[in-house]
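In what follows, chains carry the letters A, B, and so on, assigned in the order in which the sequence lines appear, proteins first and then strands, with residues in each chain numbered from 1. Because only heavy atoms are used, hydrogens play no part in the values below, and waters and symmetry mates are left out as well, while side chains stay in.
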Amino acid sequence: MGVNGKTPARAEDGPAILARGLSRRYDDVLAVRAVDLSVSPGEVVALLGPNGAGKTTLLRMLAGVLVPTEGTATIAGHDVATDPAGAKRALGFLSGDTALYGRLTVREVLTYFGRLHGLGRAEVAGHIERVTGLLELAPFLDQRTGTLSSGQTQRANLARTFLTDPPVLILDEPTTALDVVSGEFVYQAIRHAKAEGRAVLLSTHVMSEAELLADRIVLLVRGRVAAEGPKDALLAAHHAASLAELILRLHRAEEPA
Amino acid sequence: MSRPALVVYTKELLDTLRDRRTLATMILVPMVVYPATLLLTTETMVATERAAEEEVLEVGAAPALPPALARHLAETPHLHLTTLSTHAMDAEEARQALKEGLHAVVVLTATGAEALAGEGTGEVQLYVDTTQALGAAPLDRVQAALQRFSHDARARRLDARGLSQAFLQPLRIHPRSVATTEERGNHALAMALPSLVLLFVALSSLYPAIDLTAGEKERRTIATLLTTPVPLADLVAGKLLAVVTVGTLAGLLNVAAVGLTFLRVLGDAEATSTLDFALSPLTVLGLFGAVLAAAFPLGALLLLFSAFARSFRDANLLLTPVLLVAMLPAGVVLLPGAELDSAFALVPIANAALWMKALLTGAPAWDRVLLVLLSSGGLTAVLGAGVVRVFSDERALFATEGRRADFARLLVEPPTVGMGTALAFAALAFAVTFFAGLLGTGPLVTIGVTQAVGYLIPAVLLARWMKGVLPPRALLALGAPAASGWAAAALVGAGAWLGISLPGGWLTDWMVPGQSQAAEAFAEAMGLGQVSLPMLVLAAAVMPAVAEELAFRGVIFRLLGAGRGALLGQAALFGLMHGSVYRFLPTAALGLCLGALRKRTGSVWPGVLVHLMTNATLLTLETQAPQEVLQSLGRPTPWALLGAAAVILGLALARRRPA
């Protein structure tokens, strides 16, 4: 969030996130099947799908944590397989079910991840000041993360994600287990990121969240992209009254892999 | 150490030290609980013993004892004698009397009393019950009193015959050990300390190793860590260093606490006067080095298994048997005659234990210590590469339930290009060449087999295995060089021995005297003099030239990244793996030269030619040159400058084949 006047480094001309034919097999199960996906700078794309549709697997492959069985992916122009460090430097990744180091304070956790991203001590301190203002971390900045409420924890996690000013954000069910107030922090942060020209790929199974935030919706059903487009166009094209109805219908139509 | 690894290390230390469980098990227990329990038990024991001594013993006699003996017992302090009956009690009656509160029953029959009065032996039954409150104290005290009486009676009998005490003691033995108290102390320490220290270090490393891997998995922080742009090798290095630091410090703290408590307890007794310790600061430093030589591979082993575990509990289950087996070699110090020879120096854990033993009982040979370091470093690299491998498997990382990742499948997947693989390859090659060298079946067979099984076959197998990652031609740099490359090789080859190897030898001789003797011993051991020159050149020049070039300038150079760091790294390994302090400088310098040629020409073949020419020169001189020539070569000559000039010119000439 370019409070310091810096515009995020963008992928040269191309999409910020690009996946081509991405597949992932676990033993006999094809969890993700030949997914093509692209997210442009300044665009928020929501990845919707029932549990077990392969959302987390897809996002982990894009984040370079999981090696695809087939296909390629780039983050801000960096190939996740051949230039993992470049891809990860351009990426902020947040998952709803990841925890922070409970014995470290919020400031220490932020410093650690900033340093792991290659920032110097002074630089990290500056970035911490910026995200502290943005996410109102000040009251618990020097508290151990193990003592925080789940809302505070997720704010600290958001701060960690935004700390290095990444042009690409991948958020895996970021509002899981959050109340309305804490969820609003996440929504604000996503809107803010979009306004600054960052690319956001967000997975969720909360329909309203997708409708509220996303420019475009990608429906993932049994590992395959079953439909995609802006919400209204998507519903019109499939003659569906709601996203939930559409997903249910697509899920029943799609044979298991 | 790289900066990301350092960042990981610092954070892990902080995180571990903030953990109350760690602090409790590692600091509170050794500093407080050990001394407290030990002191408490010894004090209780001393107090009980003292109470037993002061308790008045109720001793019954049946029948009444002869007056002299009765008087003797009655005059013994804290002993009260009563006569129980006029007849000799049997065991059952004595048992009854003891159950009724007596501490001991003495039975001397009439015949016994007669024998005592005459010159015979009076048989005394002394009944006690050691299961009673005072334990063995009544037995000890009454027996001692009876023995004193017996001793006095014997003296009186000898007197009556006009004989001296010496009559019954033809010999009196005075054992004297010539070992100083310090030597004896160090010897005792050499037996006890190594396995104790290593065990404590291993136990202290266990908890942090689990916490930093399985713990991170269980607490769901691992995914975030893996989305940072830090290479896995750095993550693993940082974590390993943290485990080693915490494990070593806590282990040593434990040992120190136990040791000091024992000294304190023994200090009250007189044991300290017969044992003393002499530890110079250098010995202590060496001991610390030995501990680290064990702590690094142990830490890597623990990390490997706990990274693989699904949870904290799972890791505990997996690691208990692993740790047990891993610590077995430490017991080697207890074997009579086991010392740090070059075979033991390569056996992990045992080498650290024996190094400690050698430090305490004398001085270990430096080349053995070098072997220990090579072995430990190599094993750490192999295990570390395994940890990186496990960390790159998402099932091993994310699955906290269900079935474990397939360990076997993980291990047969081809390795990646990187330092871990390079070091693992070097470690394996070193171990194989070392043990193949022990075959000792004639020089030709030994050199040929060593080169083939140590370098040539592993290099080819690795290239095949990694062919999905990197084409074998690229890994081994098999492409033909440009014509200029061959010309360069001819020049470098002509000058390398004179301009590089020889001055390396002089420099070594100047720094560590004894090089020339070592070279002669080497030539003699190899039996170089007994083989015809052409056969010798084939086995000791052609074979090593091909095998070592493929291994060092091919595999290792490429795996290390083929850059400037790779150039220095492979040269250092090349020097180290010749396994001798005296050969390090000449071989490392030659390795640098060969590496530069590989880097500049993009091919392994010019190096093969240089290596061949260098080895052939050396062999020809060693076997054919007159003694005076050899001796004159032992001192610096200006001719070396000519050789060096040829090398420099050759390297300047070398160019890559245009693509």
Side-chain angles (χ1 to χ4, degrees), chain A residues 24 26-27 31 56-57 59-68 75 78 80 83-105 108-109 111-121 124 144-146 153 157 160-161 163-164 166 168-170 172, chain B residues 2-23 211-212 215-235 238-239 389 391-400 402-403 405-406 409-410 413 416-418 469-470:
Chain A
R24 175 67 204 200
Y26 292 107
D27 295 328
T56 296
T57 303
L59 296 187
R60 278 184 179 164
M61 282 194 282
L62 292 173
V65 178
L66 225 152
V67 182
I75 298 292
H78 303 276
V80 295
D83 180 16
K88 286 173 179 176
R89 251 192 287 278
L91 174 74
F93 182 85
L94 173 66
S95 161
D97 74 338
T98 50
L100 296 168
Y101 297 101
R103 297 189 287 262
L104 302 188
T105 66
E108 284 164 346
V109 168
T111 306
Y112 181 49
F113 282 102
R115 303 269 293 152
L116 289 181
H117 272 270
L119 303 178
R121 283 196 173 283
V124 172
R144 291 195 185 183
T145 63
T153 304
N157 237 328
R160 200 237 340 118
T161 314
L163 185 75
T164 52
V168 179
L169 292 162
I170 294 183
D172 188 8
Chain B
S2 70
R3 211 183 71 168
L6 202 65
V7 171
V8 173
Y9 173 65
T10 324
K11 177 260 164 189
E12 298 297 11
L13 273 191
L14 178 69
D15 204 353
T16 305
L17 290 179
R18 287 245 179 102
D19 186 4
R20 273 198 213 101
R21 271 186 295 180
T22 316
L23 290 183
D211 195 48
L212 298 195
E216 181 136 13
K217 199 188 298 189
E218 200 168 288
R219 290 191 295 268
R220 293 175 292 113
T221 50
I222 193 109
T224 313
L225 188 60
L226 293 179
T227 58
T228 62
V230 177
L232 283 179
D234 290 69
L235 276 185
K239 282 175 182 286
R389 177 59 60 85
F391 263 55
S392 61
D393 183 276
E394 73 285 349
R395 178 127 37 98
L397 280 179
F398 297 120
T400 49
R403 115 192 135 80
D406 187 347
R409 185 182 59 79
L410 265 185
E413 254 172 40
T416 50
V417 175
V469 184
L470 195 68

Tell me the closest heavy-atom pair linking Ala99(A) and Arg219(B), and the distance in Å.
CB-O, 3.0 Å

Interchain contact, Asp234(B) with chain A, by part (heavy-atom threshold 4.5 Å)
neither

CZ of Arg160(A) to OG1 of Thr227(B): how many Å apart, nearest 0.5 Å?
5.5 Å

Among Val230(B), Asp15(B), Leu235(B), who wins on heavy-atom pairs under 4.5 Å with chain A?
Asp15(B)

Looking at Leu100(A), Val65(A), Thr98(A), Leu94(A), which one forms a side-chain contact (heavy atoms from CB on, under 4.5 Å) with Thr224(B)?
Thr98(A)

So which atom in Pro4(B) and which in Leu116(A) form the shortest heavy-atom distance, rounded to 0.1 Å?
O-CD2, 4.2 Å

Might you work through the side-chain contact (heavy atoms from CB on, under 4.5 Å) test for Tyr112(A) and Leu225(B), ending with a clear yes or no?
CA-CA 10 Å; Tyr112(A) 181 49; Leu225(B) 188 60; 3.7 Å; yes

Pairwise distance NZ(Lys11(B)) to CD(Glu108(A)) - rounded to 0.5 angstrom:
10.5 Å

For Thr228(B) and His117(A): C-alpha separation, side-chain torsions, deciding distance, then whether side-chain contact (heavy atoms from CB on, under 4.5 Å) applies.
CA-CA 6 Å; Thr228(B) 62; His117(A) 272 270; 4.2 Å; yes

Heavy-atom pair with the smallest gap, counting every atom of Ala85(A) and Pro229(B):
O-CB, 3.4 Å

Has the side chain of Arg18(B) got a donor or acceptor atom that lies under 3.5 Å from a matching backbone atom of Arg103(A)?
yes

